[in-house]
There are 2 protein chains.
Amino acid sequence: MNKGQLIDQVAAELGDSKASASRAVEAVIHSITNGIKEDSNVTIVGFGTFTKKNRAARTGRNPSTGEPMQIRASTTVGFKPSASLKETL
Amino acid sequence: MNKGQLIDQVAAELGDSKASASRAVEAVIHSITNGIKEDSNVTIVGFGTFTKKNRAARTGRNPSTGEPMQIRASTTVGFKPSASLKETL
DNA sequence: GATCGATCAACTGCCCCTTGTTCATGTTGG
DNA sequence: CCAACATGAACAAGGGGCAGTTGATCGATC
């Protein structure tokens with residue numbers, strides 16, 4: 001499923017236009033993004049929890065050359081699916 | 001951020017009521033859930049990709065007793081954040 | 001009030017992340 | 001609708017981080 005298909009399904013579920021569904025999808029994704037950014041986590045009961053994670057610098061490997069290289073400290077996003085999401089699948 | 005706060009922010013972004021925002025959030029989450037279920041992945045460009053993952057049975061540990069135990073095969077959901085989501089944080 | 005989520009313990013298989021390249025796919029504004 | 005552009009997926013080797021287990025408790029949410 002891509003964004004266009006997601007918008008289609010949201011429009012069907014809301015019984016609304018695709019333009020309106022598109023705005024809804026944008027607003028939801030943008031709000032989740034801001035929640036992760038500002039609060040470090042977003043919990044959606046029954047779906048899962050997004051968590052901002054800081055990863056320390058570490059030594060990795062350049063797969064092209066095989067040489068060890070330093071991977072800089074970074075920030076990423078984890079997602080823990082809720083039990084009921086997993087049961088839905 | 002919890003779901004109520006998410007709905008608040010979506011309502012602000014859409015300039016709409018909380019009830020309407022709540023329906024939008026529900027529709028988006030439900031549509032993502034269905035996309036994961038039916039297509040095994042949902043890609044939202046600029047946010048990330050949800051992927052249905054099948055995990056084989058394996059041996060784990062009961063942390064209560066220390067005894068080895070068999071973890072059944074299961075289905076879970078992975079999330080790979082997009083590069084631009086990570087840059088946003 | 002019932003349900004869900006977070007936390008914790010020990011252990012181990014799976015996953016993340018690096019560079020560079022290529023190709024495919026997706027998005028969006030005209 | 002479509003073209004231009006952007007984004008994502010895949011792959012290589014290796015090591016650190018994470019998922020998942022049970023059971024209990026507590027807090028939050030619906």
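So that the names make sense, note that chain A is the first sequence line, chain B the second, and so on, each numbered from 1.
- Nucleic acid contact for A/G4: sugar-phosphate only, since backbone atoms but no base atoms lie under 4.0 Å from a heavy atom of the residue.
- Classification of A/E26 and A/K3 as a salt-bridged pair holds, one side-chain N sitting under 4.0 Å from a carboxylate O.
- Using the six-membered ring where Trp is involved, A/F79 and A/F47 have ring planes that are tilted, between 30° and 60° apart.
- Summarising the geometry of A/S17 relative to A/A11, their closest heavy-atom pair is O-CB, 3.9 Å, with the distance given to 0.1 Å.
- Counting only heavy atoms from C-beta outward, the side chains of A/K86 and B/T75 never approach each other to under 4.5 Å.
- Between the side chain of A/T33 and the backbone N or O of A/I29, at least one donor-acceptor pair lies under 3.5 Å.
- B/Q70 has its CD atom 20 Å from the P atom of D/dA19, to the nearest Å.
- Mapping B/A83 and B/R55 onto DNA chain D via the closest heavy atom, the residue that lands nearer the 5' end is B/A83.
- Within residues 10-37 of chain B, no residue has any heavy atom closer than 4.0 Å to DNA chain D.
- For B/S82 (side chain) and B/V45 (main-chain N/O), no donor-acceptor pair under 3.5 Å exists by modelled atom type.
- A straight line from NZ of A/K52 to C1' of D/dC18 spans 20 Å, rounded to a whole angstrom.
- OP1 or OP2 of D/dG20 has at least one side-chain nitrogen or oxygen of A/K86 nearer than 4.0 Å.
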Identify each atom pair where a protein N or O and an N or O of nucleotides 9-14 of chain D are less than 3.5 Å apart, giving names and distance.
unit_1, atom_1, unit_2, atom_2, d
D/dA9, OP1, B/T49, OG1, 3.0
D/dG14, O4', A/R61, NE, 3.4

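- At a threshold of 4.0 angstrom between heavy atoms, the contacts of B/S74 with the nucleic acid are absent.
- Checking side-chain atoms of A/T51 against main-chain N and O of A/G78 turns up no donor-acceptor pair under 3.5 Å.
- Using a 4.0 Å heavy-atom distance criterion, A/G46 is classed as a sugar-phosphate-only contact.
- For the 3.5 Å distance criterion, the side chains of A/Q9 and A/E13 qualify, holding a donor opposite an acceptor.
- Look at CE on B/M69: it is 14 Å from C1' on C/dT12, rounded to the nearest Å.
- B/I32 is listed as a side-chain neighbour of B/I44, based on a closest heavy-atom distance under 4.5 Å.
- Although no hydrogens or angles enter the test, the distance criterion places no donor-acceptor pair under 3.5 Å between the side chain of B/K80 and the main chain of B/T49.
- Counting any heavy atom pair closer than 4.0 Å across all strands shown, A/T65 reaches no nucleic acid atom.
- Residue A/T76 places at least one side-chain N or O closer than 4.0 Å to OP1 or OP2 of C/dC17.
- Within the 4.0 Å cut-off from OP1 or OP2 of D/dT7, not a single side-chain nitrogen or oxygen of B/S84 is found.
- Note: CD (B/E67) to C1' (C/dT12) measures 16 Å, nearest angstrom.
- For B/V45, the side-chain atoms get nearest to D/dG8 when compared with the rest of C/dC17, D/dG8, C/dG5.
- Atom pair A/F50:CZ and C/dA6:C1' shows a separation of 17 Å (rounding to whole Å applied).
- Taking atom CG of residue A/N2 and atom P of nucleotide C/dT28, one finds them 11 Å apart after rounding to whole Å.
- Rounding to whole angstrom units, CE of residue A/M1 and C1' of C/dT27 are separated by 17 Å.
- Remark on DNA chain C: of its neighbouring residues B/F79 and A/I44, the 5'-side contact belongs to A/I44, judged by nearest-heavy-atom nucleotide.
- Remark: C1' of D/dG8 and CZ of B/F47 are 16 Å apart, rounded to the nearest angstrom.
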